[in-house]
Amino acid sequence: MAALLKVENLRIELTTRDGIAPVIDDLSLELNAGETLSFVGESGCGKSMTALAIMGLLPDKVGRVASGTIMFDGEDLAKASDARLREIRGNDISMIFQEPMTSLNPVYTIGEQIAEVLRRHQNMDQAAARSRALELLDAVRIPNPKSRVDDYPHQMSGGQRQRVMIAIALACEPKILIADEPTTALDVTVQAQIFDLLRDLGKETGTAIILITHDMGAVAEMAERMIVMYAGRKAEEGPVDQIIEHPRHPYTKGLISCVPHLVAQLSDDRPELTEVRGIVPSLMDFGRDECLFSSRCERADDKCRSSRPTEMKFKNDQHSACWQAKEL
Amino acid sequence: MSGESSGNLLSVENLTVRFPVKQGGLFKRKTFLYAVDDVSFAVKRGETLAIVGESGSGKTTAALAVARLVDAHLGTVKLGEHDFLTLKDEALRKARAKVQFIFQDPYASLNPRLRAEAVVREPLDSLDEGEPSKRQETVDELFKAVGLRPEQQRLFPHQFSGGQRQRIGIARALATRPELIICDEPVSALDVAVQAQILNLLRKLQKDFGLTYLFISHDLGVVQHMCDSIAVMYMGKIVEHADRKSLFNNPKHPYTQALLSAVPSVDKKRREATKRILIPGDPPDPINPPKGCRFANRCPIAVPSCSDSQPALRALGDSHTVACHLVDC
Ligand SMILES: Nc1ncnc2c1ncn2[C@@H]1O[C@H](COP(=O)(O)OP(=O)(O)OP(=O)(O)O)[C@@H](O)[C@H]1O
Ligand SMILES: Nc1ncnc2c1ncn2[C@@H]1O[C@H](COP(=O)(O)OP(=O)(O)OP(=O)(O)O)[C@@H](O)[C@H]1O
Ligand code: SF4
Ligand SMILES: [Mg+2]
Ligand SMILES: [Mg+2]
C-alpha cells in the first residue's frame with residue numbers, strides 16, 4: 001500500500017538576521033493511513049517546523065522549502081499554490097496547534113466557530129452545520145453539548161477548549177491530523193482523556209495522526225512509530241517499542257534515560273539521573289557537515305566531528321543517523 | 001507533636017488562605033474563594049515533601065502562605081520552634097532568610113538589568129548578611145556549587161540558557177543559607193536533558209547542605225524521583241498524604257488512583273498493569289464548594305452519602321492518611 005504522505009529529502013531554510021539556516025535538513029518520512037507517528041526531541045529541533053511545512057504554513061517571508069518533496073495523494077505539496085494548500089488544510093490535513101488559548105477566537109461562540117468550518121469547507125447550510133457541530137462536541141466528550149454550544153471560549157476550562165480545538169480540526173474529516181503538543185498545558189487526567197479521544201478517532205475514522213511531543217511516555221502510549229529529531233535532522237526512526245527497548249542513537253538513549261519515569265513497582269532505589277550535558281546547537285550551526293550531536297555525545301570521535309552520519313537501517317525497521325549505531 | 005523534637009523542620013497546621021471575590025448582582029455580598037482550606041502537613045529536616053494535584057487545587061497558594069508571600073487567614077506555620085506567621089521585625093527578618101523560593105520560570109524571575117553576580121549577591125546585601133568584603137567569596141562559592149563558571153558572573157540573565165538561568169535562581173535561593181527551599185515547578189519550563197541536570201543538582205545540594213524541600217510539580221515521574229513523602233491536593237484540601245512508596249505503589253484515594261493511572265509511561269509492565277481510571281467533567285465551582293466530598297461529582301466509586309458530609313483525613317498506617325468515606329481505615 002502506498003503511503004498516505006511521503007516526505008523526501010526535505011530541506012527548509014529560514015532567513016534570519018545572521019543568515020540562512022537549514023532548520024530542516026534532508027528529512028524523509030512516510031505516514032500510512034490510520035497510523036500514529038510521533039515526533040520527539042528537545043525544544044528548537046524542528047518538530048513544529050516540519051508540521052508547518054506539511055501544512056503549507058511556513059512563516060511568511062522567513063521560511064521556504066529549498067528542496068525536496070511532500071507527496072500527498074499523488075500531489076507535491078511543496079509545489080502547490082496557496083489556494084490549493086488552503087483547500088487541503090480545510091479538507092484533508094488539519095492541525096491542533098501548540099497554544100490552544102490563542103487559537104480560538106474569543107468573540108465567537110464555540111458552536112459558531114465549528115459551524116463556520118463546516119459551512120466554508122463542506123458547503124453545509126446553517127441548520128446542518130449546527131447539528132453537525134453538536135455531534136462533534138459530543139464526539140470530543142464535551143458533556144451536555146446542547147447547553148455548551150453557545151458558550152464563548154473563556155467560559156470553558158483549558159481542557160474543554162483543547163477538546164473544542166480538536167472538534168474544529170475534525171470538522172472536515174481530515175485524512176491527517178497533526179497534533180502539536182496538544183496536552184502540554186493540561187492536567188494529566190485531562191491529557192489522558194484527550195489521548196483516548198485521539199486513539200479512538202484513529203481507529204474509527206482511519207485518520208492518520210502525527211503527534212508532536214517531548215514526553216516519551218506519551219509516545220509509548222500513543223504511537224506505533226516515532227521519529228527523533230535533533231537539530232533539524234532525523235536522529236532515529238522506527239517502531240516505538242523497539243526504540244524504547246534498544247535505542248540505536250545516543251541522543252535517543254539520553255532522552256529516555258534522563259527522565260525519571262513511573263514504573264510498575266517503585267523501590268527505594270533512586271540512582272542519579274543520566275545527564276545529557278550541553279544544549280542543542282544554535283540554528284546557525286544546523287547545516288554543518290558533522291554529527292550535530294557530537295558536541296554532547298560521550299562516544300564522539302574524529303569521524304563524528306567531521307562528517308554527517310549516513311542513515312543506518314536495521315532489520316526491524318529502525319533507522320539511526322549515528323556512525324556507531326551498530327555498536328550501540 | 002511539633003517543633004524540632006519531632007524532627008520536623010516545617011509543620012503546618014490548619015492553614016487556610018482565602019481570596020475575596022467580586023460577585024455581581026444587586027446584593028453585593030462579600031464572598032471568598034478558599035484556595036487552601038484547613039490544610040496540615042509536616043516536613044522532616046533534610047527531607048522533601050511533594051505537593052501534587054490538579055491545576056487550581058491550591059498548591060502554589062499553600063506554598064506562598066508558608067513563605068508569608070500571601071497572608072494566611074487561619075493556621076500556624078512552625079519553622080523549627082517558631083511560629084513563622086506571628087514573627088515581627090528582627091526575628092522575622094532572620095526567619096525570612098531561612099525560607100527561600102525557586103520559581104517555575106527562570107526567564108521571568110531574574111532581574112534583567114543585573115549581572116548574574118549581583119542577582120546572587122542581592123539577598124546577602126538586603127539582609128546585610130556577613131561582612132561586605134566576604135560576600136564576594138560567598139558568591140564565588142555559590143556559583144561553584146550550582147555548576148556555573150566564575151567568568152559567567154559578569155553576564156546578564158539573557159546571556160544564559162534556560163537551565164543556566166535556573167541555576168542562577170538556585171544560587172540566589174541558597175545565598176542566605178536557607179533551611180527550607182520551596183520549589184514551585186522548578187523544572188517545568190526546561191527541556192528534559194536540562195531538567196535532569198537541575199534535578200540532580202537539587203538532590204546534591206540537599207545532601208551537601210542538609211536542605212529541606214517543599215516541592216511542587218505536576219510531573220509525577222519527577223515527584224517520584226525527588227520526594228520522601230507526598231501530599232495530594234484537590235480543591236484546597238489534602239485528600240491523601242503518604243510516604244513515597246505507599247503513595248505510588250498503594251494509592252488509596254480514588255482521585256490519587258485516577259491521577260496515577262493517567263500518567264503515560266515508557267515502562268511496558270506498568271502500562272500493562274495499569275487500568276486507566278477516567279474522571280470526566282470538571283471540579284465544582286471553587287466559590288461554592290459542595291457540602292460533602294469535593295470529588296464526589298467526578299468520583300468513579302462515589303455513593304449518594306458521599307455528598308452529605310466532608311470526609312476527614314484518617315490514618316491508614318504510620319505514614320499514610322486519606323480523606324475518603326469509602327476507604328476502610
Ligand atoms: N518564525 C520564525 N522565525 C525565525 N526562526 C524561527 C521561527 N519559528 C521557529 N524558528 C526557529 O526554528 C527552529 C525550530 O523551531 P521549531 O518551532 O520547529 O522547534 P520545535 O522542535 O517545535 O521546538 P518546541 O519543542 O520548543 O516547540 C528554532 O531554532 C526556532 O527558534
Ligand atoms: N491572588 C489571587 N486572587 C484570587 N484568586 C486566586 C489568587 N491566587 C490564586 N487564586 C485561586 O486560588 C486557587 C488555587 O490557585 P493556585 O495557584 O494555588 O493553584 P495551583 O494548585 O498552584 O495550580 P497550578 O497547578 O495551575 O499552578 C485557584 O482557584 C486560583 O484561581
Ligand atoms: S555519530 Fe558519533 S557523535 Fe554522533 S551520536 Fe553517533 S557516536 Fe555520537
Ligand atoms: Mg514546537
Ligand atoms: Mg501553581
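Every chain is numbered from 1, with letters handed out A, B, ... down the list of sequences. Remember, predicted model here, so these are calculated numbers, not experimental data.
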Nearest heavy-atom contact between Ala196(B) and Thr274(A) is CB-O, 3.7 Å
Bottom line for Leu199(B): the part with an atom under 4.5 Å from chain A's heavy atoms is side chain
In terms of heavy-atom contacts, Pro264(B) and Asp215(A) come closest through CG-OD2, 3.8 Å
Ranking Arg244(B), His218(B), Glu54(B), Arg276(B) by heavy-atom pairs under 4.5 Å to chain A gives rank one to Arg244(B)
Honestly, the part of Thr189(A) sitting under 4.5 Å from a heavy atom of chain B is both
Asp267(B) vs His261(A), side chain to side chain contact (heavy atoms under 4.5 Å, CB included): CA-CA, chis, key distance, verdict: CA-CA 8 Å; Asp267(B) 182 22; His261(A) 298 284; 5.9 Å; no
When the 4.5 angstrom heavy-atom criterion is applied to Ile244(A) and chain B, the contacting part is side chain
Whatever's closer than 4.5 Å to a heavy atom in chain B on Gln265(A) counts as both
If you tally heavy-atom pairs under 4.5 Å between each of Val188(A), Val263(A), Val276(A) and chain B, the highest tally belongs to Val263(A)
Under 4.5 Å to a heavy atom of chain A? For Lys268(B) that would be side chain
In terms of heavy-atom contacts, Gln193(A) and Ile279(B) come closest through NE2-O, 3.2 Å
Highest number of heavy-atom pairs under 4.5 Å with chain B among Glu272(A), Met222(A), Gln160(A), Met216(A) belongs to Glu272(A)
Note to self: Side chains of Arg270(A) and Arg203(B), heavy atoms from C-beta outward: is any pair under 4.5 Å?
What the structure shows: yes
When the 4.5 angstrom heavy-atom criterion is applied to Leu259(B) and chain A, the contacting part is both
Most heavy-atom pairs under 4.5 Å with chain A, out of Glu272(B), Arg271(B), Lys269(B), belong to Arg271(B)
Bottom line for Ser161(B): the part with an atom under 4.5 Å from chain A's heavy atoms is side chain
Cut-off 4.5 Å, heavy atoms of chain B, and the answer for Asp241(A) is side chain
*asked:* Please check if the number of heavy atoms outside Glu245(A) that lie under 6.0 Å from its CD is greater than 12.
replied: no
Bottom line for Ser257(A): the part with an atom under 4.5 Å from chain B's heavy atoms is neither
Under 4.5 Å to a heavy atom of chain B? For Asp269(A) that would be backbone
Heavy atoms of Gln197(B) and Glu275(A) approach each other most closely as CG-OE1, 3.5 Å
Here the pair of heavy atoms bringing Asp282(B) nearest to Ser157(A) is OD1-OG, 3.5 Å
Here the pair of heavy atoms bringing Val222(B) nearest to Pro260(A) is CA-CG, 3.8 Å
Open item on the list: With a 6.0 Å cut-off (strictly less than), is the heavy-atom count around CG of Asp285(B), excluding the residue itself, greater than 12?
Closed with: yes
Could you check whether any side-chain N or O of Glu42(A) sits under 3.5 Å from a backbone N or O of Val192(B), counting only pairs where one atom can act as donor and the other as acceptor? no
Turns out that what part of Leu266(A) lies under 4.5 Å from chain B's heavy atoms comes down to both
